[in-house]
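Written below as structure tokens is the structure these notes are about.
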2 protein chains.
Amino acid sequence: MKPNRTTTKPRMTEQRKIVLSAVRKIRRHPTVDEVYTHVRRRLPRISLATVYRNLELLAAQGLIRQVDFARPQQRYDHRLHDHYHIRCVQCGRVDDVPIDPFSALEYDAKCCGDYRVLGHRLEFYGVCPTCQKRKDNRPPRTQKASPRLVSARVKTVNNRREGAE
Amino acid sequence: MKPNRTTTKPRMTEQRKIVLSAVRKIRRHPTVDEVYTHVRRRLPRISLATVYRNLELLAAQGLIRQVDFARPQQRYDHRLHDHYHIRCVQCGRVDDVPIDPFSALEYDAKCCGDYRVLGHRLEFYGVCPTCQKRKDNRPPRTQKASPRLVSARVKTVNNRREGAE
DNA sequence: TTGCTATCAGTAATGATTATCAATATTTTT
DNA sequence: AAAAATATTGATAATCATTACTGATAGCAA
């Protein structure tokens with residue numbers, strides 16, 4: 001997506017409406033392909049690219065949510081003890097969070113469904129100090145572009161203000 | 001041709017040792033490319049595939065950790081209220097976990113680093129009821145393969161495409 | 001209407017990862 | 001030690017999800 005300075009006014013097109021209703025209708029957390037398949041029952045000529053486009057836009061508008069921080073690249077950690085991470089939504093940087101891991105959580109989760117719970121991961125997200133200093137929203141060159149996250153940030157910024165200073 | 005009993009005894013080769021030490025040496029959570037770049041200073045001829053292979057193997061051995069559940073496909077959620085998920089490590093299925101979201105967590109995390117914390121996500125992982133019933137470890141065909149997560153298991157069943165249906 | 005721009009379908013390109021393969025290295029068995 | 005079996009490697013092709021590009025179309029504002 002390109003950073004245009006236009007007065008972006010998204011139009012709720014027929015395709016977009018149907019994509020949205022598809023995500024809402026499919027109970028579980030659908031993949032893009034599942035949405036695509038579902039939508040095509042009503043719009044057989046819709047393009048997969050249109051589904052991608054609209055899902056991203058709907059997420060940026062906060063009408064739906066992306067489940068994952070699907071960063072383009074996997075990261076590795078040499079620290080083997082349980083700990084949590086914080087990730088910069090702009091540049092993808094990941095740091096450790098030195099708070100103690102919970103132990104009761106898995107028990108709590110066990111009471112729902114028949115999953116055999118193996119563990120959990122807790123991840124914070126925010127803006128790293130480096131990105132806070134940057135005026136524009138471009139990710140630094142050390143990081144491959146991650147358009148999805150950048151657009152998601154627009155949404156989260158509206159909802160923040162947890163512990164305002 | 002038959003992948004029977006796994007006398008699988010991984011050899012700690014020079015390449016593997018250096019990949020491991022690279023992950024340990026790079027303080028932050030490195031991407032594959034960062035590891036590759038670092039390793040090449042000592043082994044200029046090493047293949048990127050070797051780095052991928054060794055990172056996966058080291059993670060399967062528990063010597064390092066993968067930071068993300070980098071599922072191949074992004075998933076979407078129409079539920080907008082804060083809630084947590086549980087994900088099946090075998091088939092990738094995602095369900096909601098009806099425990100109350102924490103509110104103090106972001107405050108706790110704030111005390112470390114200069115991140116501006118926007119929120120958090122908590123994800124459980126385990127084995128879904130369907131996969132618990134399955135004897136083999138193959139993911140169901142409704143799910144695109146998730147090589148990274150299941151690879152440790154899949155490897156023993158190797159070379160067998162699930163084409164026979 | 002005229003111009004602007006969002007959106008579309010279709011398709012090509014991208015980028016991360018995985019698979020394949022022949023060659024080499026290491027272990028195991030004889 | 002030789003032979004057999006298996007693991008590993010480098011190089012490269014293939015895959016798969018996602019993104020970018022294209023020319024056409026349609027809604028909105030002046």
Side-chain angles (χ1 to χ4, degrees), chain A residues 1-19 30-36 39-40 43-61 66 68 70-76 92 143-151, chain B residues 1-19 30-36 39-40 43-61 66 68 70-76 92 143-152 154-156 158-161:
Chain A
M1 180 175 288
K2 53 185 58 178
N4 52 355
R5 76 279 180 182
T6 63
T7 47
T8 314
K9 196 181 301 179
R11 303 168 185 161
M12 185 51 77
T13 64
E14 195 64 15
Q15 288 92 335
R16 194 160 298 155
K17 258 185 279 192
I18 293 183
V19 165
T31 62
V32 178
D33 269 337
E34 289 169 344
V35 174
Y36 178 51
V39 165
R40 262 196 306 182
L43 296 175
R45 313 249 327 147
I46 199 174
S47 169
L48 176 60
T50 301
V51 175
Y52 269 100
R53 248 184 273 120
N54 284 324
L55 285 173
E56 177 178 335
L57 186 53
L58 291 168
Q61 292 182 279
Q66 292 177 324
D68 300 304
R71 302 296 305 169
Q73 295 181 102
Q74 176 67 273
R75 289 177 176 275
Y76 286 86
Q143 188 70 23
K144 303 283 171 70
S146 84
R148 228 176 301 117
L149 269 180
V150 171
S151 61
Chain B
M1 171 160 299
K2 58 179 184 187
N4 56 1
R5 61 203 188 173
T6 51
T7 323
T8 317
K9 196 181 299 177
R11 304 166 185 166
M12 185 52 77
T13 63
E14 195 64 15
Q15 286 92 336
R16 195 159 298 158
K17 257 185 280 192
I18 293 182
V19 166
T31 63
V32 178
D33 268 338
E34 289 169 343
V35 174
Y36 179 51
V39 165
R40 262 197 304 185
L43 297 174
R45 311 251 326 148
I46 198 173
S47 168
L48 177 59
T50 300
V51 175
Y52 268 100
R53 252 184 265 121
N54 284 326
L55 285 173
E56 177 180 334
L57 185 54
L58 291 168
Q61 294 182 277
Q66 292 179 324
D68 301 304
R71 303 298 303 174
Q73 294 182 102
Q74 176 67 273
R75 289 176 175 274
Y76 287 86
Q143 187 72 22
K144 301 286 171 68
S146 85
R148 230 175 296 114
L149 266 181
V150 197
S151 57
V154 168
K155 183 155 293 177
T156 56
N158 207 357
N159 288 350
R160 185 173 294 272
R161 309 281 296 181

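Convention: sequence-line order gives letters A, B, ...; per-chain numbering from 1.
B:D68 and A:R75 get closest at one heavy-atom pair: OD2-N, 4.0 Å. The shortest non-hydrogen separation linking A:T31 to A:E34 is N-OE1, 2.9 Å.
Regarding B:Q73, its CD atom lies at a distance of 14 Å from the C1' atom of C:dT17, rounded to whole Å. Distance OH (A:Y36) to P (D:dA17): 13 Å, rounded to an integer number of Å. Taking atom CZ on B:R40 and atom C1' on D:dG10, their separation rounds to 13 Å, with Å as the unit. Remark: P of C:dT27 and CE of B:M12 are 13 Å apart, rounded to the nearest angstrom. The distance from atom CG of A:L55 to atom P of C:dT7 is 14 Å, rounded to the nearest whole Å. In this structure, A:R45 atom CZ and C:dT11 atom C1' are separated by 14 Å, rounded to whole Å. D:dA7 atom P lies 15 Å from atom CD of B:E56, rounded to whole Å. As rounded to whole Å, 11 Å separates atom P of C:dA6 from atom CZ of A:R16.
Candidate nucleotides C:dA16, D:dA17, D:dT9 were compared by shortest atom distance to the side chain of A:D33, and D:dA17 ranks first. Relative to the side chain of B:A49, the nucleotides C:dT17, C:dG10, D:dT12 differ in distance, and D:dT12 lies closest. Side chain of A:P10, nearest nucleotide from D:dA29, D:dT8, C:dT7: C:dT7. Between D:dT9, C:dA9, C:dT17, one nucleotide has an atom nearer to the side chain of B:L48 than all others, and that is C:dT17.
Map A:Y52 and B:T13 each onto its nearest nucleotide of DNA chain D; the residue landing nearer the 5' end is B:T13.
Under a 3.5 Å cut-off, the side chain of B:E56 and the backbone N or O of B:R53 do not form any donor-acceptor pair.
Contact annotation: A:Q15 reaches the phosphate of C:dA9 (side-chain N/O to OP1 or OP2, under 4.0 Å). Side-chain N/O atoms of B:T50 include one lying less than 4.0 angstrom from OP1 or OP2 on D:dG10.
In this model, no side-chain donor or acceptor of A:R53 finds a partner on the base of C:dA6 within 3.5 Å. Looking at A:R11, its side chain has no donor and acceptor atom pair within 3.5 Å of the base of C:dT7.
Atoms CG and CE, on A:N54 and A:M12 in that order, are 8.5 Å from each other to the nearest 0.5 Å.
Contact check for A:V32 versus B:Y76: side-chain heavy atoms found under the 4.5 Å cut-off.
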